[in-house]
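Report on the following structure.
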2 protein chains.
Amino acid sequence: MAGSTKRADAQRNIDAILAAAAECLSRNPAASTSEIAKAAGVGRVTLYGHFPSRAELLDAVFVRAIATGEESLGQVDLTGDPRAALIRLIETSWQLVDGFRTLLVAAQEVLPPARVRELHADPMARVERLLERGRAEGAFRTDLPTTWLVSIMHNVMHGAANEIQAGRITSAEAAPYITATLLAAYTPPGERVLV
Amino acid sequence: MAGSTKRADAQRNIDAILAAAAECLSRNPAASTSEIAKAAGVGRVTLYGHFPSRAELLDAVFVRAIATGEESLGQVDLTGDPRAALIRLIETSWQLVDGFRTLLVAAQEVLPPARVRELHADPMARVERLLERGRAEGAFRTDLPTTWLVSIMHNVMHGAANEIQAGRITSAEAAPYITATLLAAYTPPGERVLV
């Protein structure tokens with residue numbers, strides 16, 4: 001009984017820390033663990049007990065953000081014309097990346113690119129399935145491997161988040177830029193790029 | 001006299017540390033500062049005196065790598081057909097990124113994306129000039145800003161380095177994948193992607 005109360009307390013603390021971290025980091029990607037502990041209403045020792053480093057905390061916040069995103073992505077209609085389906089998937093994906101942009105910037109500073117990509121395994125698998133169908137139907141190029149095309153989407157989207165953070169493009173501009181870039185990049189050689 | 005000898009000693013140590021760091025990190029992106037100090041034949045205290053953190057050391061190694069790269073890039077013929085010139089520029093750029101790939105992977109783990117991009121200011125300015133000329137001559141799309149097109153090249157190339165590191169593509173495959181992707185991405189809407 002005492003054990004399960006302890007576990008419930010621990011889970012409540014973890015939830016509070018992750019919620020506070022998501023909030024603090026979305027305001028300021030450089031938010032410190034002390035600030036996050038304070039916002040969560042827990043002591044620093046408690047925070048470090050659950051997340052021994054800032055990188056581990058950011059990783060856990062990221063895992064939650066991806067899980068939240070997966071709920072929205074699961075509702076995108078991926079049937080019909082593959083190009084139109086891709087445009088819908090890019091739009092929702094970008095809304096998520098843009099919404100979590102400051103968190104992504106914070107994560108990129110402490111997590112290696114390989115870990116950031118690994119955290120995106122589920123959304124990337126969805127893109128891969130749509131690209132495979134579009135390739136089979138002649139909508140997307142087949143001269144480059146699907147995994148490469150998926151990595152392009154990942155890199156272009158995350159690159160856009162960095163461009164916004166650097167003040168070189170606005171959040172509103174990014175969506176059409178990403179769509180125009182990826183549709184062109186995925187066009188089969190010899191075919192015309194969509195206007 | 002004593003002062004200038006001291007300065008010459010310091011410069012010799014810095015050169016030895018940077019050369020050793022470039023060598024150690026190209027073998028192992030996780031090489032420690034102790035390993036690097038040992039390879040440079042200097043004490044750890046001397047290394048930390050010049051580079052207080054591993055990030056500062058990696059930054060300095062990167063600055064040198066870019067300067068070396070600039071010498072090769074300056075010799076690429078960027079005249080004539082803009083698409084052919086871009087293919088030549090991509091080839092040489094990729095040889096450099098691929099040659100410094102392990103160093104890049106190490107740098108990406110400790111330097112934020114904004115700093116990595118800042119370090120590439122000179123090579124990116126060269127790409128920008130070529131893209132501007134190609135846009136004026138109708139070879140590249142003008143519906144997206146040039147700075148965005150430059151960022152795409154940066155992200156696709158660095159993404160390729162990460163794909164190789166993850167074992168998903170080989171170094172030999174990367175060059176044609178990058179060229180095919182960027183030429184398509186830069187094609188004006190309504191025009192055909194080069195075969």
Side-chain angles (χ1 to χ4, degrees), chain A residues 29-30 55 104-118 140-141 143-170 173-174 176-195, chain B residues 29-30 55 104-118 140-141 143-170 173-174 176-195:
Chain A
L104 175 66
V105 169
Q108 282 176 332
E109 298 201 357
V110 292
L111 302 177
R115 178 61 186 155
V116 173
R117 164 145 184 166
E118 194 178 20
F140 304 131
R141 71 193 307 163
D143 60 325
L144 302 176
T146 309
T147 53
W148 170 258
L149 300 181
V150 175
S151 79
I152 297 298
M153 177 158 160
H154 180 78
N155 293 322
V156 166
M157 286 218 177
H158 288 190
N162 292 326
E163 289 298 291
I164 294 174
Q165 206 67 17
R168 277 185 291 266
I169 61 171
T170 66
E173 284 165 340
Y177 291 1
I178 294 166
T179 305
T181 303
L182 293 177
L183 282 178
Y186 295 165
T187 302
E191 292 199 14
R192 291 186 195 281
V193 170
L194 278 190
V195 179
Chain B
L104 175 67
V105 168
Q108 282 176 332
E109 297 201 357
V110 293
L111 303 178
R115 178 60 186 154
V116 174
R117 165 145 184 168
E118 194 177 19
F140 304 131
R141 69 193 309 163
D143 61 325
L144 301 176
T146 309
T147 53
W148 170 259
L149 300 181
V150 175
S151 79
I152 297 298
M153 177 157 158
H154 181 78
N155 294 322
V156 166
M157 285 220 178
H158 288 190
N162 293 326
E163 290 298 291
I164 293 173
Q165 207 66 19
R168 278 185 291 265
I169 61 171
T170 65
E173 284 165 340
Y177 291 1
I178 293 166
T179 305
T181 302
L182 292 177
L183 281 177
Y186 296 165
T187 301
E191 293 198 14
R192 291 186 196 281
V193 170
L194 278 189
V195 179

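Naming: A, B, ... by sequence-line order, numbering from 1 per chain.
- The heavy-atom pair separating A:G190 from B:R192 by the smallest distance is O-NH1, 3.1 Å.
- Residue A:H154 holds its NE2 atom at 8.5 Å from CD of B:E163, rounded to the nearest 0.5 Å.
- Ranked by heavy-atom pairs under 4.5 Å with chain A, the list B:E173, B:R168, B:Q108, B:E109 is led by B:R168.
- Minimum interatomic distance between A:V193 and B:A184 (heavy atoms only, all atoms of both residues): CG2-O, 4.3 Å.
- Of the atoms belonging to A:I169, it is side-chain heavy atoms, and not backbone ones, that fall under 4.5 Å from chain B.
- Both the backbone and the side chain of A:A180 come within contact range of chain B, judged by heavy atoms closer than 4.5 Å.
- The side-chain contact (heavy atoms from CB on, under 4.5 Å) test with A:I152 is passed by exactly one of B:I178, B:T181, B:L182: B:T181.
- With a 4.5 angstrom heavy-atom cutoff, A:R115 does not touch chain B via any of its atoms.
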Exercise for review: Using the side-chain contact (heavy atoms from CB on, under 4.5 Å) rule, take A:V156 and B:N155 through it: C-alpha gap first, then chi angles, then the decisive distance, then the call.
Suggested key: CA-CA 7 Å; A:V156 166; B:N155 294 322; 5.7 Å; no
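- Considering only heavy-atom pairs separated by less than 4.5 Å from chain B, the leading option among A:A174, A:A166, A:P145 is A:P145.
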